[in-house]
Number of protein chains: 2
Amino acid sequence: MVEDVIRALGHATLGSRLRRLGERLQAEAQELTGLLTGEELPSPHHTVLGALSRNGPMNIGDLAVCLGQAQPGVTRMIGKMKTAGLVIAHTDLSDRRVSTIHLTERGKKRIAELEALHWPAVEAGVATLCGQLEGSLLDQLTGLETLLNEKSLKQRVLEAQSQENEP
Amino acid sequence: MVEDVIRALGHATLGSRLRRLGERLQAEAQELTGLLTGEELPSPHHTVLGALSRNGPMNIGDLAVCLGQAQPGVTRMIGKMKTAGLVIAHTDLSDRRVSTIHLTERGKKRIAELEALHWPAVEAGVATLCGQLEGSLLDQLTGLETLLNEKSLKQRVLEAQSQENEP
DNA sequence: CTTATTTATATACTAAGTTATATATCTTGT
DNA sequence: ACAAGATATATAACTTAGTATATAAATAAG
């Protein structure tokens, strides 16, 4: 039995710990997208689609702000999403430096699937997990890690789905 | 004022949110290493040094387990730390597939600095922040983000240091 | 005692983020 | 009207993670 060093170091390595747990949840959520909607979607695409769905067409700079992320990363992600046919850029007529990102029909269809099938299921699954946590931030992180070790988010969400169908 | 989409999507994007906040804390902590010990040290080096300091020499596989990370990432990180002169690998005599990673003198010196100067300061700073949080995991994350927006971890730790010197 | 399987580490490729800087366009001051 | 500065996006170079797979060494099976 080897100890978990990042957990053992406590507040001193909280950054590493949050990041590690975040990556784990992202990976599980991405796998769930595939199972629930029939097609995977990289985690950063979710948040971009969410931003465009909530706010309507946006330019790169505003997207970066509302995703809390550096602009070059958003530019690259939008490039991939263009290739995937999810978004399209329109150069602003009154300021040709600005490119406004719109959802394509495919992007709108994809986000409708997310809103109908993926987000509610993940929201419910994660909320159920978080509802079992209490105490300090470190305690809750430990609790969440423990719950995920016992049974993955994926498994929990799929079980909840099947119970819905045969109650 | 643009809304923070990742925050707004709640439990559905908890993974992205944990990761984003983790990266932010890691970046601040790394900057603090430079200020407190005179030389920066990448965040993953901290946890590897911590593991070797707590457990003594370890092989790559066990390191991966106790860091909660995939083996190829650890191999790569150890490669960089060898180049930086922090660790050295000894091939196991009884099983020549296994390479045991030891701290060098420089590595031991570096970790002594971390234990004396960096970890206690960051531990205290982050613990003070976390002590002000309460409620659900999402609430505590929002609280932590808000506190960090008001004043960076770096600034908080440096202020605590100067108060220590002139009480 | 060889062949087959397992195991430990290394390598190749991909993804997503960062900072620093280049490019193109717009705005301003004279 | 035009040079100087500001701003929006793009590109480059780097970091750190992951999965899949190759390599090399040890163990097991016949």
Side-chain angles (χ1 to χ4, degrees), chain A residues 2 6 13 15-31 34 40-48 58-65 67-84 87 89-101, chain B residues 2 6 13 15-31 34 40-48 58-65 67-84 87 89-101:
Chain A
V2 200
I6 288 171
T13 51
S16 302
R17 188 158 179 201
L18 290 172
R19 187 174 172 184
R20 184 178 68 173
L21 185 53
E23 279 167 0
R24 179 175 181 180
L25 280 175
Q26 281 189 322
E28 290 215 45
Q30 181 169 331
E31 210 181 337
E40 291 216 353
L41 188 72
S43 180
H45 291 199
H46 284 248
T47 49
V48 173
M58 302 179 76
N59 63 46
I60 302 265
D62 288 345
L63 266 173
V65 171
L67 297 172
Q69 196 178 318
Q71 168 262 312
V74 175
T75 295
R76 201 155 3 88
M77 198 50 58
I78 290 296
K80 289 187 184 173
M81 294 179 72
K82 281 185 203 163
T83 305
V87 298
H90 292 310
T91 300
D92 189 311
L93 294 178
S94 68
D95 182 344
R96 298 196 340 260
R97 291 170 307 181
V98 177
S99 87
T100 307
I101 312 301
Chain B
V2 200
I6 289 171
T13 51
S16 302
R17 190 161 176 197
L18 289 172
R19 184 172 174 186
R20 184 178 68 175
L21 185 52
E23 280 168 359
R24 181 175 179 179
L25 279 175
Q26 281 189 322
E28 290 214 44
Q30 181 171 331
E31 210 182 337
E40 292 216 353
L41 187 72
S43 180
H45 292 200
H46 284 247
T47 50
V48 173
M58 304 179 76
N59 64 45
I60 302 266
D62 288 345
L63 265 174
V65 171
L67 296 172
Q69 195 177 318
Q71 168 262 313
V74 175
T75 296
R76 209 161 342 100
M77 198 50 59
I78 290 297
K80 288 188 185 173
M81 292 178 72
K82 281 184 202 162
T83 306
V87 299
H90 291 310
T91 300
D92 187 311
L93 294 178
S94 69
D95 183 345
R96 298 198 336 263
R97 293 170 304 181
V98 177
S99 86
T100 308
I101 311 301

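Chain letters run A, B, ... following the sequence lines, proteins first and then strands; every chain starts at 1.
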Of A:K82 and B:S94, the one whose closest nucleotide on DNA chain D sits nearer the 5' end is A:K82
Which of D:dT9, D:dA17, D:dA25 is nearest the side chain of B:D95? It is D:dA25
Among the nucleotides C:dT9, C:dA16, D:dT16, whichever has the atom closest to the side chain of A:P44 is C:dA16
What contact category does B:G61 fall into here, base, sugar-phosphate, or nothing, at under 4.0 angstrom with non-hydrogen atoms? sugar-phosphate
Worksheet item: Does B:K80 place a side-chain N or O at less than 4.0 Å from the phosphate oxygens OP1/OP2 of D:dT15?
Response: no
| said: With heavy-atom distances below 4.5 Å as the criterion, would you say the side chains of A:I60 and A:S99 are in contact? | reply: yes
| query | With side chains defined as the heavy atoms from C-beta onward, is the minimum distance between B:T100 and B:M58 less than 4.5 Å? | reply | no
From the candidates C:dT9, D:dA26, D:dA17, the one with an atom nearest any side-chain atom of B:M77 is D:dA17
dist B:I101:CD1 -> B:I78:CD1 (nearest 0.5 Å) comes out at 5.0 Å
To the nearest angstrom, the CZ-C1' distance between A:R24 and D:dT19 comes to 17 Å
To the nearest angstrom, the CE-P distance between A:M81 and C:dA16 comes to 11 Å
Of A:V98 and A:R19, the one whose nearest nucleotide on DNA chain D sits closer to the 5' end is A:V98
Do we see a donor-acceptor contact under 3.5 Å between the side chains of B:R20 and A:Q69? no
To the nearest angstrom, the CG-P distance between A:L63 and D:dT9 comes to 9 Å
The reported gap from CD in B:Q71 to CZ in B:R76 (rounded to nearest 0.5 angstrom) is 9.5 Å
Per atom distances to the B:T75 side chain, the nearest of D:dA17, C:dA16, C:dT9 is C:dT9
Separation of C:dG17 atom P from B:L21 atom CG, nearest Å, is 15 Å
dist A:T13:OG1 -> A:I6:CD1 (nearest 0.5 Å) comes out at 6.0 Å
- Task: Establish whether the base of D:dT9 is bridged to the side chain of A:R97 by a donor-acceptor pair shorter than 3.5 Å.
- Result: no
From the candidates D:dT16, D:dT9, D:dG18, the one with an atom nearest any side-chain atom of B:A70 is D:dG18
Taken to the nearest whole Å, CD/A:E31 to P/C:dA15 is 17 Å
Remember a base hit wins even if backbone is also touched, and classify A:S43 as base, sugar-phosphate or nothing at under 4.0 Å, heavy atoms.
nothing
From CZ of B:R96 across to C1' of D:dT23 the rounded distance in Å is 14 Å
B:Q26 CD to D:dA17 C1', in whole Å, measures 11 Å
Sugar-phosphate only, base, or nothing, as touched by A:Q69 at under 4.0 Å among non-hydrogen atoms:
sugar-phosphate
| Distance-only donor-acceptor test (3.5 Å): side chain A:R76, base C:dG17 | yes
Self-check item: Distance-only donor-acceptor test, A:Q71 side-chain atoms vs D:dA8 base atoms, 3.5 Å
Solution: no
Atom CG of B:N59 and atom P of C:dT7 are separated, to the nearest Å, by 14 Å
*What does A:P72 touch in the nucleic acid at a heavy-atom separation under 4.0 angstrom: a base, only the sugar-phosphate, or nothing?*
base
